[in-house]
Q: 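Structure below; questions to follow.
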Amino acid sequence: MGHKHSKGKISHEDLQYLLKKTNHSKEEIKEWHKGFLEDCPDGELTKTQFVGMYTKIFPGGNAEKFSENVFRTFDTDRSGTIDFREFMLALHVTSSGTPEEKLTW
C-alpha cells in the first residue's frame, strides 16, 4: 500500500488518496509531509526511529511494545517501515477517526 515519491514532494496519487481518506486539507497534508521528510529523509519511518521518538515523548512508556502494535497495525505493506501514506492514515485513525474506523484497523 505504501507508495514511493520523489524526495521533497508528495505524489499527486498520495495527496488525492489522503484527501479522500483523512479530514486534512491539501495544505495540512503538504505540511505534514514536509515534517515527515525532515524526520525521515528517506521517506520511511523505521521501528528504531519510532522507538527513539516515542521514548523522548513518553520516557516511562514501553516503546518497544507500543512500536510492535503500531507497526503490526499500520505497516500495511509489511515492509518493516511506515511510509508517509501509512503514517497519515495512522494519525487520522488514532486522532480523529470514527469508532468504526478505529475498529477496522
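Worth knowing before you read on, the calculation uses all heavy atoms, side chains too, and leaves out hydrogens, waters and symmetry mates.
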Q: So do the side chains of Phe74 and Phe87 get within less than 4.5 Å of each other, counting heavy atoms only?
A: no
Q: If I take atom CD from residue Glu31 and atom CD1 from residue Ile29, how far apart are they, to the nearest 0.5 angstrom?
A: 12.0 Å
Q: Run the side-chain contact (heavy atoms from CB on, under 4.5 Å) test against Thr46 and tell me which residues pass, sequence neighbours left out.
A: Thr48, Gln49, Thr81
Q: State whether Glu13 and Arg85 are salt-bridged, where the test is any N-O pair (Lys NZ or Arg NE/NH1/NH2 against Asp/Glu carboxylate O) under 4.0 Å.
A: yes
Q: State which residues pass side-chain hydrogen bond (donor to acceptor under 3.5 Å, both in side chains) with Arg72; sequence neighbours excluded, sorted by chain then number.
A: Asn69
Q: If you measure from CG on Asp39 to CZ on Phe50, what distance do you get to the nearest 0.5 Å?
A: 12.5 Å
Q: Which distance, rounded to the nearest 0.5 Å, do you find between the CG of Leu37 and the CZ of Phe84?
A: 8.0 Å
Q: Measure across Ser25 and Leu19 and return the closest heavy-atom pair with its distance rounded to 0.1 Å.
A: C-CD2, 3.8 Å
Q: Which residues satisfy the salt bridge (charged side-chain N to carboxylate O under 4.0 Å, His left out) test with Glu68, sequence neighbours excluded?
A: Lys47
Q: Ignoring hydrogens and geometry, is there a side-chain-to-backbone donor-acceptor pair from Glu86 to Thr76 under 3.5 Å?
A: yes
Q: So how far is it from His92 NE2 to Lys21 NZ, rounded to the nearest 0.5 Å?
A: 9.5 Å
Q: In terms of hydrophobic clusters joined by side-chain contacts under 4.5 Å, are Val51 and Ile82 together?
A: no
Q: Looking only at heavy atoms, what is the nearest atom pair of Glu44 and Phe36, with distance?
A: N-CE2, 4.3 Å
Q: Drop me the distance from Ile10's CD1 to Lys30's NZ, to the nearest 0.5 angstrom.
A: 8.5 Å
Q: Taking all non-hydrogen atoms of both residues, which atom of Asp77 and which atom of Asp75 are closest, and how far apart?
A: OD1-OD1, 2.9 Å
Q: To the nearest 0.5 angstrom, please state how far the CG atom of Leu18 sits from the CD atom of Glu28.
A: 12.0 Å
Q: Please lay out, stage by stage, how Glu64 and Asn62 fare under the test side-chain contact (heavy atoms from CB on, under 4.5 Å).
A: CA-CA 6 Å; Glu64 290 291 334; Asn62 185 342; 4.0 Å; yes
Q: Is there a continuous path of hydrophobic side-chain contacts, each under 4.5 Å between heavy atoms, that joins Val70 to Tyr54?
A: yes
